[in-house]
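Each remark here refers to the structure printed beneath this line.
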Amino acid sequence: MSRDIQLKERWDVLLEKLSAQFADGDTLELDAIIYLVGVQELGKYHRSYKKDEKLDLMHIAICRLLEPYGFYTFDYFDEEGWPHYIIKEELPPLKAGEQSVLMKEAIVNYFIEKEYIK
């Protein structure tokens, strides 16, 4: 099976599972899944976040998701428990479709690692 087909199948399974769990049957968008990864990484689930905190959560998620690709490395947790990352390598210029595929692949790999999907 080609890598693209396998990624699409895994993405569809993940999207269905996350949407059922967090969106009452609506389909989650990519940004919403990135936000969920950020909340997972922070580990503070049962609270409301301000707009700037939501952006910070998405940043945490992107750093964590792209860490295995060598773009970021974990640095430390601050006094409030928020993780901080260091840029190891700048992301290459990617077209919108390429960005989407990279993020979907990183998200699928993350949820496989967390044993949420196979």
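Both backbone and side-chain heavy atoms feed into the values below; hydrogens, waters and symmetry mates do not. Predicted model only: the values in this text are computed from it and were never measured. The chain is numbered in sequence order, starting from 1.
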* Taking ring pair (Phe, Tyr, Trp, His ring centres under 6.0 Å) as the test, write out the residues that go with Tyr116, two or more places apart. => Phe111
Anything under 3.5 Å between a donor and an acceptor, one on a side chain of residues 24-37, the other on a protein residue two or more places apart or in another chain? List them.
none

* Which distance, rounded to the nearest 0.5 Å, do you find between the CG of Leu65 and the CD1 of Ile60? -> 11.5 Å
* Pairs where residues 101-110 contributes a residue and the test side-chain hydrogen bond (donor to acceptor under 3.5 Å, both in side chains) is met, not counting sequence neighbours -> Arg3-Glu105, Glu41-Tyr110, Tyr69-Glu105, Tyr69-Asn109
* Mind checking side chain to side chain donor-acceptor pair (under 3.5 Å) for Glu53 and listing every partner two or more places apart, or none if nothing turns up? => Arg47
* **Pairs involving residues 10-20, ordered by first then second residue, that meet salt bridge (Lys or Arg N to Asp or Glu O under 4.0 Å) (sequence neighbours left out)** => Lys8-Asp12
* **Where at least one partner belongs to residues 36-66, residue pairs that pass ring pair (Phe, Tyr, Trp, His ring centres under 6.0 Å), sequence neighbours excluded** => none
* Between Ile112 and Leu14, is any pair of side-chain heavy atoms under 4.5 Å apart? -> no
* Any link between Leu55 and Ile62 through a network of hydrophobic side chains (Ile, Leu, Val, Met, Phe, Trp, Tyr) touching at under 4.5 Å? -> no
* Determine which pairs satisfy ring pair (Phe, Tyr, Trp, His ring centres under 6.0 Å) with at least one residue from residues 76-103, sequence neighbours left out, and list them in order. => Phe74-Phe77, Phe74-Tyr85, Tyr76-His84
* To do: Specify the closest pair of heavy atoms between Ala61 and Gly38, including all atoms of both residues, with the distance to one decimal.
  => CB-N, 3.4 Å
* Asked: Just by distance, do the side chain of Ser100 and the backbone of Ala96 share a donor-acceptor pair under 3.5 Å?
  -> no
* Asked: Does anything in residues 87-100 pair up under salt bridge (Lys or Arg N to Asp or Glu O under 4.0 Å), and if so which pairs, sequence neighbours excluded?
  -> none
* Asked: Can you list the residues that meet the side chain to side chain contact (heavy atoms under 4.5 Å, CB included) rule with Pro92, with sequence neighbours excluded?
  -> Phe71, Leu94
* Find the distance between CD1 (Ile87) and SG (Cys63) and round it off to the nearest 0.5 Å. => 7.0 Å
* Can you name the side chain to side chain donor-acceptor pair (under 3.5 Å) partners of Glu113, sequence neighbours left out? -> Arg64
* **Side-chain heavy atoms of Leu66 within contact of Met103, under 4.5 Å** => yes
